[in-house]
Number of protein chains: 2
Amino acid sequence: MATLRDVAREAGVSVATASRAINGLGNVTAPTRAAVMAAVKKLNFVPHSGARSLTRKKTDTVGVILPDLFGEFFSEIIRGIDLVAHESGMHLLLGNMHGSTHETAAAIAAMRGRVDGLLVMPPDLKPELLSDYLDPTLPTVLLNYDAGSLDLPFVAVDNYRGAYAMTEALLASGARQVVHIAGPKHNRDARDRQRGFVDAMAKVGGVRNPAILPGDFSEESGAKAARLLVEGQLPADAVFAANDQMAVGLIAGLAEAGKSVPDDIMVAGFDDIPLARHLNPSLSTMQVHIDRLGSTAMMLLLRILRGETLGAASATILTPALVARGTTGGVASAHTPA
Amino acid sequence: MATLRDVAREAGVSVATASRAINGLGNVTAPTRAAVMAAVKKLNFVPHSGARSLTRKKTDTVGVILPDLFGEFFSEIIRGIDLVAHESGMHLLLGNMHGSTHETAAAIAAMRGRVDGLLVMPPDLKPELLSDYLDPTLPTVLLNYDAGSLDLPFVAVDNYRGAYAMTEALLASGARQVVHIAGPKHNRDARDRQRGFVDAMAKVGGVRNPAILPGDFSEESGAKAARLLVEGQLPADAVFAANDQMAVGLIAGLAEAGKSVPDDIMVAGFDDIPLARHLNPSLSTMQVHIDRLGSTAMMLLLRILRGETLGAASATILTPALVARGTTGGVASAHTPA
DNA sequence: TTCGCCTGTGTAACCGGTTACGCTGTGAAC
DNA sequence: GTTCACAGCGTAACCGGTTACACAGGCGAA
């Protein structure tokens, strides 16, 4: 592969001039520039971005660290990020923490020198740990994570209000015994959603200790909850799953047990993954524009990179919207509002 | 941010020794190493991967260039790639050609110096153009693309055989008038699937010019095809969509028009996206393990990086499997074999 | 004519690591 | 007591770009 020196030699100029010509700096005469460009073409020269970023101290790349890469949730986030990043000529370096704390540290460390900024989504990490790993000099925006004491900008979904609203809606639809399927124990989203559910049950429904089944956001755990519900004879006329994935498993499990949704029991989820409106009956859920989570975070990061100093005060809270569909007795067919 | 020189100064050794200690080279005494490590801890030193890759001529990163980032298809590919890459300590740099040829060239060029190898999926690019953009010295594996003359290893799905098999199955189920919804005109996958359909119709069904409706792989274009079908009074007892996405739109469109699937008309797709088995009736389709497409390609690339020289001969063709579900009159309920 | 300035170009330092090579001091072999 | 091998460490070159600074030559002003 040709280097800048090769090009300079070929064009009969110095490396400085070659560099200037290639980067379109003003102080080069037209003939000189033409000669350099001809050499570039001839040698098929492409600048080595790694070397370039070393001196420029800019990589035009942002690191994205996600807990996993599974499912539509993450692909939508990435799409949202890419949408904004691409417009600014930024590249995306993917890091995956694969669920382990140790890997998270490694993923963050590996980013040093490769990226100009970081987008991190650490749903089950303690803030203190996170601050140990993070480089304070590296612009960072948190995804779906309110790191209060860290003073980092973040973008989050108002899980509490969303869960509260959904629970309220279920009660308004006539449900009396609403059961919640919780998400992973130390997942923040899951905990906030559970709090919203519990509070709404208490304040709106007048129920003190509503039934809560364990779950882990997986489809399988939703199916398991269905079995618990049916075999355990847990009285319920509505189930609010902490995410759509579990709601999907739940519905399948209930169908197997001969329960009809929504006639015997109503079901609601959270996230509004694309699949939700294609189910039959279609799934009532809290709509989160997942891609906006990514694009908003990326826009915040870009502002920091442009020189603004943003702290936790610049956080953006996205409020999810209730989408009533078939599983809560709404429109029975698929293809309700997208 | 601390540099290696800072660490060396702090530990009272030379940069060479510091480097050796940090990288675990043998020729450093235990006390010296301890001193260096203490300095690393104290200064919070993290090696600058950019600088490191400059001398090592290794970035531990692979570039992934995809036509788009939309939908489950791509997220599954990325997941498959990541799975293998992660095991080898590799990172993923995402490039997106956003549909344009010009962007493709830019995306590939931007990778120089940032990656050790490339995974490219150029579904609607001519081989000659592609070879112009590609750096012959950079290990490259093609995704879902047979670039015959280029002598590059690739991983592809046997679209032709898959489409042939599905068409055959539809005919075997009693369909007489099968209509195909094609994908984008210059998309290779789409063309191969169409060929498979046409050939099967001719050889197995004895039909010369089977009806083919245009499409572009989007759900919307599937819905449009449904309208054409119904309003145009095109006689059909089965529709084979070139991908699942279109099949989904088609089914919704047919439902709106009052047509029942599979009683009035059978429907089949291609890809087996996760959504397929959750539809009601569940969607018959050709199962492609999309994630394997990614992981297989990544494994090929790793072999090249380890020194093996692989050409087009190392190509892997993944054969899709037929999954008969509800939309072709198979098991009517959701949750057929995963 | 001389001075100064401005423009175009070259030299070399630098970014932050790695590593070839050279130097020093120790212990074993003679 | 030399000689020699070798282990441990330092110096400096290098990766491939960018850019501060120096410098040469052309021009207008005095």
Side-chain angles (χ1 to χ4, degrees), chain A residues 1-40 43-61 109-116 135 137-138, chain B residues 1-40 43-61 109-116 135 137-138:
Chain A
M1 203 67 203
T3 76
L4 186 63
R5 328 253 169 201
D6 299 330
V7 172
R9 193 179 321 117
E10 175 75 25
V13 299
S14 72
V15 287
T17 303
S19 173
R20 285 189 278 252
I22 289 169
N23 290 303
L25 278 306
N27 41 354
V28 182
T29 54
T32 310
R33 164 157 302 148
V36 172
M37 286 328 213
V40 166
L43 301 179
N44 230 303
F45 172 78
V46 178
H48 189 289
S49 345
R52 173 176 280 181
S53 66
L54 196 53
T55 50
R56 286 217 182 146
K57 290 173 178 312
K58 269 191 54 188
T59 60
D60 295 324
T61 303
M111 293 284 173
R112 140 114 156 125
R114 292 181 195 276
V115 300
D116 295 337
D135 173 356
T137 66
L138 192 65
Chain B
M1 201 69 204
T3 76
L4 187 63
R5 326 254 170 202
D6 298 331
V7 172
R9 192 180 321 117
E10 175 75 27
V13 299
S14 73
V15 287
T17 303
S19 173
R20 285 189 279 251
I22 289 169
N23 290 302
L25 278 304
N27 41 355
V28 182
T29 55
T32 311
R33 165 159 301 150
V36 172
M37 287 326 212
V40 166
L43 301 179
N44 231 301
F45 173 77
V46 178
H48 189 290
S49 345
R52 173 176 279 181
S53 67
L54 196 52
T55 50
R56 288 218 180 143
K57 289 176 179 313
K58 270 191 53 189
T59 59
D60 296 322
T61 303
M111 293 283 172
R112 139 113 156 126
R114 293 180 193 277
V115 299
D116 296 336
D135 173 355
T137 66
L138 192 65

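Since this is a predicted model, take the numbers as computed values, not measurements.
B:L4 places its CG atom 19 Å from the P atom of D:dC15, with the value rounded to the nearest Å. One interatomic measurement links the two molecules: CZ of B:R114 to P of D:dG17, which rounds to 13 Å at whole-angstrom precision. The CG atom of A:L54 sits 4 Å away from the C1' atom of C:dC15 (whole-angstrom rounding). Going from atom CZ of B:R52 over to atom P of D:dG16 covers 18 Å, rounded to whole Å. Here the C1' atom of nucleotide C:dT18 and the CG atom of B:D60 are 14 Å apart, to the nearest Å. Taking atom CZ on A:R9 and atom P on D:dG16, their separation rounds to 12 Å, with Å as the unit. Atom pair A:R5:CZ and D:dT18:P shows a separation of 10 Å (rounding to whole Å applied). One atom, CG of A:L25, and another, P of D:dT19, lie 7 Å apart when rounded to the nearest Å.
Annotation: side chain of A:M1 is not in contact with side chain of A:H48 (no heavy-atom distance under 4.5 Å). With contacts defined as side-chain heavy-atom distances shorter than 4.5 Å, the pair A:D135/B:V46 does not qualify.
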Identify each atom pair where a protein N or O and an N or O of nucleotides 26-28 of chain C are less than 3.5 Å apart, giving names and distance.
none

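In plain terms, the two heavy atoms of B:P47 and B:R52 that are nearest each other are CB-NH2, 3.6 Å.
Contact annotation: A:T17 side-chain N/O to C:dG10 OP1/OP2 distance is under 4.0 Å. At the phosphate of C:dT9, OP1 or OP2 sits under 4.0 Å from a side-chain N or O atom of A:T29. Residue B:S14 places at least one side-chain N or O under 4.0 Å from the OP1 or OP2 atom of D:dG10. A close approach under 4.0 Å does not occur between any side-chain nitrogen or oxygen of A:K57 and OP1 or OP2 of D:dT18. Taking 4.0 angstrom as the limit, A:R112 places a side-chain polar atom (N or O) nearer than this to OP1 or OP2 of C:dG17. Regarding contacts with the backbone of D:dG17, every side-chain N or O of A:S19 stays at 4.0 angstrom or more from both OP1 and OP2. For A:S49 and D:dG17, the shortest distance from a side-chain N or O to OP1 or OP2 is not below 4.0 Å.
Between B:R20 and B:H48, the one whose closest nucleotide on DNA chain C sits nearer the 5' end is B:H48. Residues A:G50 and B:N27 each lie close to DNA chain D; by heavy-atom proximity, the contact nearer the 5' end of the strand is made by B:N27. Heavy-atom nearest nucleotides on DNA chain D were determined for B:A16 and for B:A51, and the one closer to the 5' end corresponds to B:A16.
Judged purely by atom type and a 3.5 angstrom limit, B:T61 has no side-chain atom pairing as donor or acceptor with the backbone of B:V115. Using a distance-only test at 3.5 Å, with no hydrogens or angles considered, a donor-acceptor pair links the side chain of A:R114 to the main chain of B:T59. For the pair B:S49 (side chain) and A:G113 (backbone), a donor-acceptor distance under 3.5 Å is absent.
The CG atom of A:L43 lies 5.0 Å from the CD atom of A:E10; values are rounded to the nearest 0.5 Å. Once rounded to the nearest 0.5 Å, the distance linking CG of A:L4 with CZ of A:R9 reads 10.5 Å.
Side-chain proximity of B:T55 to C:dT9, D:dG17, D:dC15: nearest is D:dC15. Residue B:V15 has its side chain nearest to D:dT11 when only D:dT11, D:dG10, C:dG17 are considered.
Within 4.0 Å (heavy atoms only), A:T32 reaches sugar-phosphate atoms of the nucleic acid but no base atom.
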